[in-house]
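Here the structure is laid out as structure tokens; the discussion comes afterwards.
Start at 1 and go down the list; that is how both ligands and their atoms are numbered.
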Amino acid sequence: MKRIGIIGATGSIGIQTIEVIRKFKNLYKIEFLVSYSNYEKLFEIAKEFNVKKVGFINENLDIKSEEFKIYKGKDEILELIENIDLLFVSTTGTFSIFPVLKAIKNNINIALANKEVLVSFGKIVKNHLKNSNSIIIPVDSEHSAIFQLINPYKEEFERIILTASGGPFLNLTIEEMENVSVEDALKHPTWKMGKKITIDSATLFNKALEIIEAYYLFDTKNIDVVIHPQSIIHSFVQLKDGSLLAHLGFPDMRIPIAYALSYPQRLEKPSTITHPYDFEKLTFLKPDFEKFPSLKIAYFCLEKLSYYPTIMNASNEIAVYSFLEGKIKFRDIFKVVEETLNRIQKEDIKDETLEDLLYVDNLSRTIANSIVSEIQRNCK
Ligand code: MG
């Protein structure tokens, strides 16, 4: 039996991971479960799978239990990261860099559904991986597709082509995009996901983050984006002879989740099986960089690397939550990220250690917040 620990067990990906494990109970033993603070849901899952150790990222959570051993806050959660075969990371946000580094140190494989860990701290993660037997198995659907396609061709691939649905505003003009509501932005055409990632799909910052994520996973800067509104092709890998490999299926996160759980084996029908007869017409478009400056920003950060992706990720997070709270308009999200990248004084910043990058992350959030306040003042 594979021993598994899950961080972010009560979120959208966490719940679907539990769903897959429920179908294959004889193959997996959940050793611990961690969530931010949703103890009701976490206890319910822990009871069902007979898990004794549960953790909460929120260390101020006032919770006691006779039934479970409780781990609160970073240091206690890190104690959990041992004697398992796979750490499943399905949080959003930057917290998970700590358990990921601990897992790498302990030679534990990681199923990674979190983008921020690689986008913001990719350099540190890569350095740690050099001295470890850990493998990162991506759960993000595009990267899972590429991971599956690229394995036999690591020396012979030319280019990665990420597919993007284009989000709910693909066919709006820039002017029409100015006044879209939070509600409009939360309507994703093909995938059902959490709020932060749904807004990121509408701005295409999700794809921007995935470009950087792909760089750190597959070690290439030759990364293209194609708009594919049906989300049937999860990504392409182009080989040096021009062959284009693709990974197809209906949008269903249980497939990449099942693959990450079972790698290098495969599970028997973790989800419904698709047939090409079931697909509608597949279309492909060039992304519009004027409408979606997020992609331009991503390629700029890909060129620069170092702490630039850290700034992009942190300022985007502040901008998205500010939009969700009604503080700024949809297209201000681009402004906040661009301005934060402009304003950070790069001369005194380093990118050598985790502390350096955490400092950049924090600084970016402070600056992004002040840009949000300025935009609010100008609107009054
Ligand atoms: Mg994705």
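Closest approach of Phe218 to Phe157, counting heavy atoms only: O-CZ, 3.8 Å.
In this view, Lys52 satisfies the salt bridge (charged side-chain N to carboxylate O under 4.0 Å, His left out) rule with no residue, not counting sequence neighbours. For Glu116, there are no salt bridge (charged side-chain N to carboxylate O under 4.0 Å, His left out) partners, not counting sequence neighbours. Asp356 is linked by a side chain to side chain contact (heavy atoms under 4.5 Å, CB included) to Lys350, Glu352, Thr353, counting only residues two or more places apart in sequence or in another chain.
Side-chain contact check for Asn107 and Ser132: at least one donor-acceptor pair (N or O, by modelled atom type) lies under 3.5 Å. Between the side chains of Ser243 and Asp241, at least one donor-acceptor pair of N or O atoms lies under 3.5 Å.
Of all protein N/O/S atoms, those under 2.8 Å from the Mg ion (ligand 1) are Asp140 OD1, Glu142 OE1, Glu210 OE2, and waters are not counted.
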